[in-house]
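Scroll down for the structure; my scribbles are underneath it.
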Amino acid sequence: MHFLLDLLQGAGIAAAIGIRPFLPVLLVGALAAGNVGIDFGGTDFAFLEQAPALAIVVVLLALSLYAVRRGGPDATERPPYVALFAVFAVVLGALEAAGSLADRGHPIVPGIVVGAACAAIGFAAALDLLRRTRRRLDVEAASALPLYAESAALVAAGLSVLFPPLAVLVVAGLVALLVGGRRRAGEKYAGLRILR
């Protein structure tokens with residue numbers, strides 16, 4: 001039972017990191033440093049709650065905010081940033097999920113696999129949703145989308161740490177968003193083929 005809860009915790013954290021990678025890592029690191037719901041201390045993942053690693057994440061967050069400020073609110077949805085953010089999300093998600101399992105002495109391999117997968121799902125779902133939503137909004141409303149994504153990622157990470165069973169809802173919601181978005185895109189293209 002403990003293994004399942006710790007795996008769910010890791011999956012939820014990784015999915016949140018997929019939505020937006022940096023603030024969830026900082027939140028989980030702060031919670032782990034205070035031993036609130038998670039503790040990486042005494043494991044090979046202790047660096048995830050230590051100042052040097054968190055400082056690097058703060059720098060990466062600052063660089064991503066600079067990219068948004070310089071390139072516009074959709075800057076991080078453009079090809080070079082998408083690839084970079086996807087790599088960050090998958091790597092950080094795998095590390096955090098493995099650390100969640102290591103916290104109680106479980107084998108870390110399931111955490112690495114599940115964490116990478118959940119981060120990839122979170123990333124794909126968030127990117128798809130942001131792109132679809134941005135097309136429907138005016139420029140001013142669209143500029144607030146990154147803030148909503150950051151907030152959703154923080155809430156998902158916090159809930160996953162404090163109430164691991166809720167991670168099922170986080171991951172299931174992201175899968176539903178991704179599948180629903182792909183299905184709507186398929187219906188749109190089917191409609192365009194009929195018009196020909």
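These values consider heavy atoms only, across backbone and side chains, with no hydrogens, waters or symmetry-generated copies.
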Residue that, paired with Ile17, satisfies side chain to side chain contact (heavy atoms under 4.5 Å, CB included) out of Leu95, Val28, Val25, Val91: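 Between Ile17 and the candidates, side chain to side chain contact (heavy atoms under 4.5 Å, CB included) is satisfied uniquely by Val25.
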
Pairs where residues 43-60 contributes a residue and the test salt bridge (Lys or Arg N to Asp or Glu O under 4.0 Å) is met, not counting sequence neighbours: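 Non-adjacent pairs meeting salt bridge (Lys or Arg N to Asp or Glu O under 4.0 Å): zero.
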
Pair listing, salt bridge (Lys or Arg N to Asp or Glu O under 4.0 Å) test, anchored in residues 154-178, at least two apart: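 Non-adjacent pairs meeting salt bridge (Lys or Arg N to Asp or Glu O under 4.0 Å): zero.
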
Tell me whether [Y] is reachable from [X] by hopping between hydrophobic residues (I, L, V, M, F, W, Y) whose side-chain heavy atoms are closer than 4.5 Å.
X	Y	value
Val59	Ile56	no
Val36	Ile38	yes
Leu4	Val113	no

Working for side chain to side chain contact (heavy atoms under 4.5 Å, CB included), residues Leu178 and Leu129: CA-CA 8 Å; Leu178 185 59; Leu129 179 64; over 6 Å; no

Contacts of type ring pair (Phe, Tyr, Trp, His ring centres under 6.0 Å), residue Phe40, not counting sequence neighbours: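 Phe40 satisfies ring pair (Phe, Tyr, Trp, His ring centres under 6.0 Å) with no other residue.
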
Please give me the minimum heavy-atom distance between [X] and [Y], naming the atom from each residue.
X	Y	result
Ile112	Ala98	CG1-CB, 3.7 Å
Val82	Phe123	O-CZ, 3.4 Å
Ala89	Ala119	O-CB, 3.3 Å
Val171	Ala15	CG2-CB, 4.0 Å

Whether over 12 other heavy atoms sit under 6.0 Å from Tyr66 OH: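 Atom OH in Tyr66 is not crowded, with 12 or fewer foreign heavy atoms closer than 6.0 Å.
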
For Asp128, side-chain hydrogen bond (donor to acceptor under 3.5 Å, both in side chains) partners two or more places apart: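 Once residues adjacent in sequence are excluded, the partners of Asp128 under the side-chain hydrogen bond (donor to acceptor under 3.5 Å, both in side chains) criterion are Arg132.
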
Side chain proximity check, Leu61 to Leu23, heavy atoms < 4.5 angstrom: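 Contact flag for Leu61/Leu23 side chains = yes.
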
Side chain to side chain, Phe85 and Pro21, heavy atoms closer than 4.5 Å: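 A side-chain contact exists here, since the closest heavy-atom pair is under 4.5 Å.
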
Quick one: side chains of residues 145-165, donor-acceptor pairs under 3.5 Å with protein atoms, not counting sequence neighbours, listed by atom name and distance.
unit_1	atom_1	unit_2	atom_2	d
Ser151	OG	Leu147	O	2.9
Ser160	OG	Ala156	O	2.8

Any pair counted as side chain to side chain donor-acceptor pair (under 3.5 Å), so long as it reaches residues 93-116, sequence neighbours left out: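 Counting only pairs at least two positions apart or across chains, the side chain to side chain donor-acceptor pair (under 3.5 Å) contacts touching residues 93-116 are Asp6-Arg104, Asp6-His106, Gln9-Ser100.
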
